[in-house]
Amino acid sequence: QVQLAESGGGLVQAGGFLRLSCAASGSTPSSHAMGWFRQAPGKEREFVAAISWSGGRTYYAASVKGRFTLARDNAKNTMYLRINSLKPEDTAVYYCAARVVSVPTQSKEGYNYWGQGTRVTISS
């Protein structure tokens, strides 16, 4: 079983930045793609960003491209999401996800493991 633990959320003013982390532990697959999703109050969980096992390929939702940067450190089994120029509409619970193949997907159904989420609240 794989455990994912997000951290780094909090209350931040608009225009600021945050760095979210996702640490994987347990029986991590030998090569697994990872991603971030977010769920705002009253809305569906939506894709934010994803990264291949090697880190060589990243994908971003159109709404966050240019402000979000995803990276991973496989030696530490950790993925990082930096969010710049925070906006009130970024307010959501951010979830980390992993899948047992090396190629990421934007579909939440394609992920096998999920973290508990970290809450991000942006004040205007």
Side-chain angles (χ1 to χ4, degrees):
Q1 190 72 343
V2 177
Q3 290 82 45
L4 301 175
E6 303 95 336
S7 60
L11 173 63
V12 182
Q13 282 194 326
F17 73 93
L18 275 176
R19 191 178 81 156
L20 305 183
S21 298
C22 173
S25 61
S27 302
T28 52
S30 58
S31 59
H32 55 280
M34 299 184 75
W36 285 95
F37 291 74
R38 67 184 181 185
Q39 189 165 16
K43 294 189 175 180
E44 298 268 332
R45 190 171 300 190
E46 65 173 2
F47 169 76
V48 173
I51 189 166
S52 62
W53 161 249
S54 68
R57 284 192 285 175
T58 53
Y59 304 88
Y60 298 95
S63 59
V64 308
K65 196 173 289 186
R67 295 192 300 120
F68 286 34
T69 304
L70 186 55
R72 65 188 297 168
D73 183 343
N74 288 340
K76 296 181 179 180
N77 281 333
T78 303
M79 174 177 64
Y80 305 97
L81 181 69
R82 182 177 172 99
I83 311 173
N84 292 328
S85 303
L86 283 158
K87 303 177 180 180
E89 50 264 43
D90 293 323
T91 293
V93 177
Y94 284 70
Y95 295 92
C96 164
R99 62 195 307 244
V100 297
V101 296
S102 61
V103 178
T105 177
Q106 298 185 22
S107 170
K108 57 182 178 291
E109 288 76 18
Y111 289 85
N112 307 98
Y113 305 101
W114 291 85
Q116 294 296 309
T118 184
R119 185 173 300 276
V120 172
T121 304
I122 310 305
S123 62
S124 56

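In this text the structure is predicted, and so the values were computed from the model without any measurement.
- Screening residues 60-95 for disulfide (SG to SG under 2.5 Å), with sequence neighbours left out, gives no hits.
- Looking at every heavy atom in both residues, S52 comes nearest to G56 through OG-N, 3.4 Å.
- Ring geometry for H32 against W53 counts as tilted: the plane angle lies between 30° and 60°, on a 0 to 90° scale.
- Note that CZ of R72 and OG1 of T58 are 12.0 Å apart. Values are rounded to the nearest 0.5 Å.
- Residue pairs meeting the disulfide (SG to SG under 2.5 Å) criterion with at least one partner in residues 31-69, sequence neighbours excluded, are absent.
- A distance of 8.5 Å separates CZ in R67 from CG in N84, rounded to the nearest 0.5 Å.
- Applying the side-chain hydrogen bond (donor to acceptor under 3.5 Å, both in side chains) rule to E109 yields the partners S107; only residues at least two apart in sequence or on another chain are considered.
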Please test W36 against C96 for side chain to side chain contact (heavy atoms under 4.5 Å, CB included), starting from the C-alpha separation and ending with a verdict.
CA-CA 5 Å; W36 285 95; C96 164; 4.1 Å; yes
Go through V100 and Y113 one step at a time and tell me if the side chain to side chain contact (heavy atoms under 4.5 Å, CB included) criterion holds.
CA-CA 9 Å; V100 297; Y113 305 101; 3.9 Å; yes
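- Minimum interatomic distance between A33 and S102 (heavy atoms only, all atoms of both residues): CB-O, 3.5 Å.
- If you chain together hydrophobic residues whose side chains sit under 4.5 Å apart, V93 and Y111 fall into the same group.
- Residues Q3 and G26 approach most closely at OE1-CA, 3.6 Å, considering heavy atoms.
- Not counting sequence neighbours, Y94 has no partner by the ring-ring contact (aromatic ring centres under 6.0 Å, His included) test.
- W114 and M34 fall into different hydrophobic clusters, where Ile, Leu, Val, Met, Phe, Trp and Tyr residues are linked whenever their side-chain heavy atoms come under 4.5 Å apart, directly or through other members.
- Aromatic rings of F47 and Y59 (six-membered ring for Trp) have centroids beyond the 6.0 Å cut-off, not under it.
- Evaluation of the side-chain contact (heavy atoms from CB on, under 4.5 Å) rule for S123 yields L11, Q13 as partners, not counting sequence neighbours.
- Between Y60 and T69 the shortest side-chain heavy-atom distance falls below 4.5 Å.
- Looking at residues two or more places apart in sequence or on another chain, you find no side-chain hydrogen bond (donor to acceptor under 3.5 Å, both in side chains) involving S63.
- For S7, the side-chain contact (heavy atoms from CB on, under 4.5 Å) partners two or more places apart in sequence, or in a different chain, are S21.
- Considering every non-hydrogen atom in both A50 and P104, the closest pair reads CB-CB, 3.5 Å.
- When side chains are defined from C-beta on, F68 counts as touching D90, because their heavy atoms get closer than 4.5 Å.
- Cluster membership check: L4 shares its hydrophobic cluster with L81, using side-chain heavy-atom separations under 4.5 Å among Ile, Leu, Val, Met, Phe, Trp and Tyr.
- Screening residues 49-84 for disulfide (SG to SG under 2.5 Å), with sequence neighbours left out, gives no hits.
- By the side-chain hydrogen bond (donor to acceptor under 3.5 Å, both in side chains) test, R119 pairs with no residue at all, sequence neighbours left out.
- For residues 42-61, the pairs satisfying salt bridge (Lys or Arg N to Asp or Glu O under 4.0 Å) are R38-E46, with sequence neighbours left out.
- Taking the side-chain hydrogen bond (donor to acceptor under 3.5 Å, both in side chains) definition, one finds that N77 meets it with nothing, sequence neighbours left out.
- When the side chains of ILVMFWY residues are joined at heavy-atom separations under 4.5 Å, either directly or via intervening members, I51 and V48 end up in a single hydrophobic cluster.
- Between V120 and G9, the shortest heavy-atom distance links the atoms CG2-CA, 4.0 Å.
- Qualifying side-chain contact (heavy atoms from CB on, under 4.5 Å) partners for V12, counting only residues two or more places apart in sequence or in other chains: L18, L86, I122.
- The number of heavy atoms from other shown groups lying within 6.0 Å of CD (Q116) does not exceed 12.
- Between Y95 and E6, the shortest heavy-atom contact is CA-OE2, 3.4 Å.
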